[in-house]
**Q** 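Below you will find the structure I want to go over with you.
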Amino acid sequence: YTNEPTGSTVTLGFNVPQTGPYADEGADELRAYELAVKHLNGEGDGGMINTFSSKALKGNGILGKKVEYVTGDTQTKSDAARASARSMIEKDGAVMITGGSSSGVAVAVQALCQEAGVIFMAGLTHSNDTTGKDKRANGFRHFFNSYMSGAALAPVLEANYGSDRKAYHLTADYNWGYTTEEAIRSSTEAMGWETVAAVKTPLTQTDFSSYIAPVLQSGADVLVLNHYGGNMVNSLTNAVQFGLREAQANGKNFEIVVPLYSRLMARGAGDAVKGIFGSTNWHWSLQDEASQTFVRSFGTEYGFPPSQAAHTCYVQALLYADAVERAGSFEPCAVVEALEGFEFDGLGNGPTLYRAEDHQCFKDVLVVRGKENPTSEFDLLEIVEITPVDQVTYPPDHPQFAGGALGSCNNGA
Amino acid sequence: MDAIILQILNGLDKGSAYALIALGLTLIFGTLGVVNFAHGALFMIGAFCAVLLSRILSMSYTTIDETRTDFLGNPMQVNVPYAYDFFGEAAGQTIIEWAVPLAILFAIPIMILIGVAMERGLIKHFYKRPHADQILVTFGLAIVLQEIIKYYFGANPIPTPAPPAFTGSFDFGALLGFDANQILYPYWRLVYFIFAAIIIGAVFAFLQFTTFGMVVRAGMADRETVGLLGINIDKRFTIMFGLAAAVAGLAGVMYGPIYSPNYHMGMDFLVLSFVVVVVGGMGSLPGAVAAGFLLGILESFASMREVINIIPGINQIIIYLVAIIILLARPRGLMGRKGVMED
Amino acid sequence: MGILEVKDVGKRFGGLQALSDVNLSVRENTCHAIIGPNGAGKSTLLNCLVGKLIPDTGSVMFDGQSVLGRSPHEINQMGISRVFQTPEIFGDLSVMENILISLFAKRDGAFRMHAFESVADERGLQEEAERMLDEVNMLDKRQMHAASLSRGDKRRLEMAMCLVQKPKLLLLDEPTAGMARADTNNTIELLKEIKEKRNITIAIIEHDMHVVFSLADRITVLAQGTPLVEDVPQKIKGHPKVKEAYLGEAA
Amino acid sequence: MTVKPDFSKHANQAATAPAFLSVWDMHSYYGESYIVQGISFNVHEGEIVALLGRNGAGKTTTLRSIARLDNPQVNHGEIWLDHQPLHNMKSYEAAVAGLGLVPEDRRIIPGLTVEENLKLAQIQPPIGWSIQRLYELFPRLGERRNQEGVTLSGGEQQMLSIARALARDIKLLLLDEPYEGLAPVIVDEIEKTLRLIKEQGMTTILVEQNAVRALQLADRAIILDTGTIAFDGSAAEVLENESLRAEYLAI
Amino acid sequence: MSDQSQTTGTIAPKAASRPGASGAAGRSRGTLGLAGKDFRLLLLVVALTMLAPFILNPFPQTSGLAQFNAGYPDLMQRFVIYGIFAIGFNILFGLTGYLSFGHAAFLGVGSYAAVWMFKLVGMNVLPAILLSVLCAGLFALLIGYITLRRSGIYFSILTLAFAQMCFALAYSVLTPLTGGETGLQLALDDPRILGTSQTASGNIPVPSLFGLEMRESVDLFVGGWAFTFNAGYYFCAIVLLLSFYTAIRIFRSPFGMMLRAIKSNQQRMRYTGLNPKPYALAAFVISGMYAGLAGGLMASMDPLAGAERMFWTASGEVVLMTILGGAGTLIGPVLGAGLIKYMENILSKINSDILHGWFAFMPDGLEDFVITVIYPFIGKGWHLTLGLMFMAVVIFLPGGLVEAGQRISRAVRGKKGHDTTDSKSEHAE
Ligand SMILES: Nc1ncnc2c1ncn2[C@@H]1O[C@H](COP(=O)(O)OP(=O)(O)OP(=O)(O)O)[C@@H](O)[C@H]1O
Ligand SMILES: Nc1ncnc2c1ncn2[C@@H]1O[C@H](COP(=O)(O)OP(=O)(O)OP(=O)(O)O)[C@@H](O)[C@H]1O
Ligand SMILES: [Mg+2]
Ligand SMILES: [Mg+2]
């Protein structure tokens, strides 16, 4: 199979955005990977290897081979990401590729890994498509997705804002935006909300005033910002500037919702996030033992708490290593088999299942809210609710995930 | 009707940003004839002047607060700005909050310095070189400036809020007799618009009521001959560049509260500002300003839901579409002069 | 009936009537000079002939066809070549290539997609170009960048570019301005020869009376946009009006 | 500071008093091409010197070198104007020091009207003739004052270029082919003007292809040949010396 | 788009050193219709491309410097593909002087066309590439017809505007056609009427040339060295050679001379009886077809077409490649493309781990110091290095890399003839 490790080492490829708008997020992912490599090689405090329910990992590398890694820059462009993934596979002999900070990149690299016959462990990618219509047998996603965000958010929104609401969606005009809008719409509409309008905003937009301004006039009383990264920072800032936070509509307080939160965005938007609901995959303030262990070893190493991107990447690295140990081989198809249907715990999200049908992890989802009185520059979100996994589970043939097929695993040449 | 007023208002402030950037660019590109890909970077540096000033003002020392713990369970370190000690807590806080307007004063000398240094050290040698070379060198410079900023400030946007006095918004609707809350307009955007108008006016006055503009235009058309007339054109070009840098920088400083500064914001605006300058007509300041407002307002209209529903995607391409139509219909843009940068 | 017939041509620039009621007939194989004070409209008239300007009124017929409304390259293809008042050459190209371009235009017309042929293979044209350069005494400069020629040389090059096309009508706007006396004399000889031996009609604008009187068969004096007189050189020389408006004491 | 050159070294520089303009051993290059190959000459105050030579002899290059333009580069030599070391100056400093050049291609600034072209010359003191007076000298320019300079006829542009030089208070006027493209009457006119300003003390170097005319006006003549001085003496001498005229001027 | 004629200050080399100028007369057609010098250049390029797997892998795999090896299929393919793109761009920009800022649009169109071909018809690369070239050519004809009505900076902005529109549409509105942000990719259920939808093992088939899979490679191990010979690379390389040969022919043809005439003086051209418009349009379409060819090849090597390859920065990149290498020269654009892609792919992959590996031999303090100094320039700082390089090249080597080469070869051949320029003015101040 492709890049079978023959010597005493095994090479993993970390493909993260190092330049471009998501560079900071990429840097955090890279930190997590480096930490994971340390722990796998038995250095440091071992981190979540100690709390992980599977005990296959022994801190002596993977299958006794020392873990080495190469890095690449995705530039958050599918072309560049594929180029750097290919170079890691062709030049450096990486047997697994992981990372990424956007769905477009994840889908593109996943398809590449499928062709080349290596395993792809997706990093931060939230679009339904990654494990929906663009799923691939060699690709796995630990991160949650748009559907789960919708399913987790809807009850909280209902509890806080009632079921008689009129929502106005602003949606970034690309795949992730579409799936997120669809997910949030269908779950909020199911509980009785009405969608007044959904407007697509260009991805390159920097000033959202002309999209925000008409919101109040439309008769809506909730604004859903299906934006991520810089888009979300700007649209949220604009929305607050235009007084939406203080406004009244239909006799209720006007509200804003941000389906997918990240620390990156919360920091960029500053005070604007206070009190605004959204969802995340994980947060460092979780009190379970695994999370606390991870925060401690990451914080000791780098001096600040890890982001959810760092968490998912760290976990993916561990999950891959564990699967190889359990399979007893680096052979992709063996790894796929080991991961499919794998149930585990102790990695910060509670009991989790890697579903065989679509290679998506099912676990609890966090609903968070911008903190009113942050105590530090990392303490920006507070957990409102931990939505149990059952509430966010969907059948593999759910319409939002329709089309596409896993195909069969590819061992490559 | 109110929707239209709203979009005009929105167009105005977007337009004032475009106009200010285009104004600075036109001084360099339309007047000096240098294709300056680093202009966006100057805008970005302006915005970071505000960030820097706010960092300086809120410089602080740390004390340990034993009563609280940080995320690792250690005693919490608390930062106390020096400003609190100097001016008292309330006044210190106010000064920190007013960082953005204060940054105007801070940015002017910095930007002029950067502009002058850039012209003397680099651009000076490129007036006679082909545009392609200018693009390569200024693009290189833009990348370098960008990376330096990224190195120190990170890739994330950094929120730079307006002073509390300017948060909140102004109810235009009430003023015009519509229902309350129908036409809200943030105070800071109003400030930005007025600020832009003042800068534009000042630059116009400077160039119109002095011979400076004419000399620089002549110098661009034919440096050698202007030199033969005893005029030190190099000095004037340097001044012009400093001025343009200052205009770009000020546009950036004041834009911070509208758009959290990040290291690549310059590139985001770059292409658009070139389009604005060319649509306005090379070398024409009024053209640049008019095109800035025109495109700003059109963009606002194109992003109305009603419009998008009729022509999907129009909001994505409106500026380019309009630019193409204008350039085909009017060979030299809205107010271009004949012969400027035509071949 | 002349090869070139200009009838009632008028041209306005804003408030300025640059040409009015210009009538001119140039007979085949003659040299027709147009003289007149500065700003009389001579170059403007020439511009109307080659399609650079379109006259407001009147008609211009060349070889029985109207040139109005045609673009410059079509007019050139009809057989009119022009030398400009300030030299227009291909500055980035070598002297030789300047001439070759003229030859290609003559041979292949306004556009031909000869992307796979080789310039070096065109022996015939190369030789023709070299003969032409030899005639204007520039053979030794054939590999020079045209832009770095001295001014007089640029003029000669431009003239060579026109001559090599063997036009039916050659329009010259002050061809010898800035040329050294020796070369001016050479040019006069050259023009005389081409008029006689190659059946090229020449219309020339010149302020150098030596050139005008050695070459011209007929002379039109233009003043303030209208022809003042038209006659043979001997008559013009002594014409009192011409003397006053143009020649001054030099004549 | 450099010590003033010791002209006694140069045999043909008989003058004992330092001349008004002295050029000493000047070498000029365009890139790698060596054009002016070490020339030295003096011009006395109030003199008109004709600088003659064939096309490409280096006349323009000489003037441009004196005017301190960036191209050509003067790699060696000294230039003194009225005790000021021009060779250490940039072109705008030389202009302020009192030098005016009328370039051979006129160099009217595009985008500016006639009047703006003149105004531009009066931004940097010392200021010479008033614009009004210049319009009196060239009434044509007054009529066209609001027209864009580059759309003037060739001759009008020449007038504008000369007027622009006079608009500044200069000590030394460098004229590169000023008669080119002008009607004989206007040439007479300009010649008169040159005499007039000579009487007022202006020193002039005149480059002209119309050698006879130039020599009639000039006090002295310098003949250049491939970048070196072939003759330096009184104008009358050239007019009398058949062989000289034949060899270098072809007249 | 330059105002050079106004400022006579700069007039480049005295003897016309432009391609085609040399030996215009008296040199006859040599092998393949090329003059001796051009033929030698072509041979050089043949040698470079054919031996690339060796040349680009100079360091043994085990050495620390192996990081600088570029001889793996993906990057080698990229070198030649971008080389083709830049060669085509140079035909427009280098010869006619029309600076298009939207050429990436044609590359994108080419890629989409090829991927659609793979989806609908089959995985053979030949028809896909043909369709790419054709589509890009037609598209260029349309856009060129409109944009060439303006010249100078106006032309640049028009092309930029068109390309940005294409990008915006491809990224969002036309998602069904282009795959939007993710890009257009193959799926298991594509029809592929002349091929199979799936391979026997249930995977998507890969692009091939009559059964020869593009990703097939043969490895050769010699001592510590490993050399990879990849089918896709050699296919691209052969296409590059054909493109390069065509470009030489165009440069040396009367057509090429006319294109240079456009750059020099359109007015004179018109009065010489030539119509500049169709010449410029032909050049535009040809260079658009080159871009389409590059796009088609890119999709053939890696069957996914992303919208970012149409973004303005991608158009800017080819401009930079061309200038960096030397606009208007034959080999320059290829070199420029190679250098930029090398930096992007090699420098960006160096991380602190690797640095520590290299400098491990130093004492600890010094090691850390050296790494701190170098670190900002590599890995995530590779853009900084790129920016500095752009500046350095234009400032010190106005003619791009080709000029650097010429200077070196001149220096090697001896320092004669420099005495004159060295004796700069010695005015004492
Ligand atoms: N584009 C234009 N706009 C306005 N006026 C113009 C334009 N072109 C020419 N003129 C004017 O028209 C008149 C005739 O100009 P033209 O160039 O034909 O003169 P000419 O006879 O060639 O003179 P000369 O011998 O000096 O070259 C001049 O007064 C000139 O200023
Ligand atoms: N920009 C330039 N670059 C290189 N060589 C040049 C340049 N300008 C002029 N030359 C060369 O310098 C030499 C002298 O030119 P110059 O213009 O001084 O001659 P001139 O005496 O003024 O001639 P003319 O009477 O034709 O104007 C000529 O051989 C010319 O080809
Ligand atoms: Mg004329
Ligand atoms: Mg001269």
**Q** Any heavy-atom pair between the side chains of B/Asp222 and D/Arg107 that's under 4.5 Å?
**A** yes
**Q** Under 4.5 Å, counting heavy-atom pairs only, tell me which of D/Leu101, D/Leu99, D/Leu120 racks up the most with chain B.
**A** D/Leu120
**Q** Below 4.5 Å from any heavy atom of chain B, which atoms of D/Ile123 appear? Answer side chain, backbone, both or neither.
**A** side chain
**Q** Going from CZ on D/Arg64 to CG on B/Leu228, what distance comes out if it is rounded to the nearest 0.5 angstrom?
**A** 8.0 Å
**Q** Check this for me: D/Lys90, atom NZ, are more than 12 non-hydrogen atoms of other residues, nucleotides or ligands nearer than 6.0 Å?
**A** no
**Q** Can a salt bridge be assigned to the pair D/Asp70 and B/Lys128 using a cut-off of 4.0 Å between side-chain N and carboxylate O?
**A** yes
**Q** Answer whether the closest heavy-atom distance between the side chains of D/Lys119 and B/Thr211 falls below 4.5 Å.
**A** no
**Q** As an exercise, state the distance from CG of D/Leu112 to CE of B/Met214, rounded to the nearest 0.5 Å.
**A** 5.5 Å
**Q** Taking the side chain as everything from C-beta on, heavy atoms only, tell me whether D/Ile108 gets closer than 4.5 Å to B/Thr225.
**A** no
**Q** When you compare the side chain of D/Gln124 with that of B/Asn232, does any pair of heavy atoms fall below 4.5 Å?
**A** no
**Q** Does some side-chain heavy atom of D/Tyr92 sit less than 4.5 Å from a side-chain heavy atom of B/Ile231?
**A** no
**Q** If you define the side chain from C-beta out and look only at heavy atoms, does anything of D/Ile109 sit under 4.5 Å from B/Arg217?
**A** no
**Q** Looking only at heavy atoms, what is the nearest atom pair of B/Gly227 and D/Ala95, with distance?
**A** O-CB, 3.8 Å
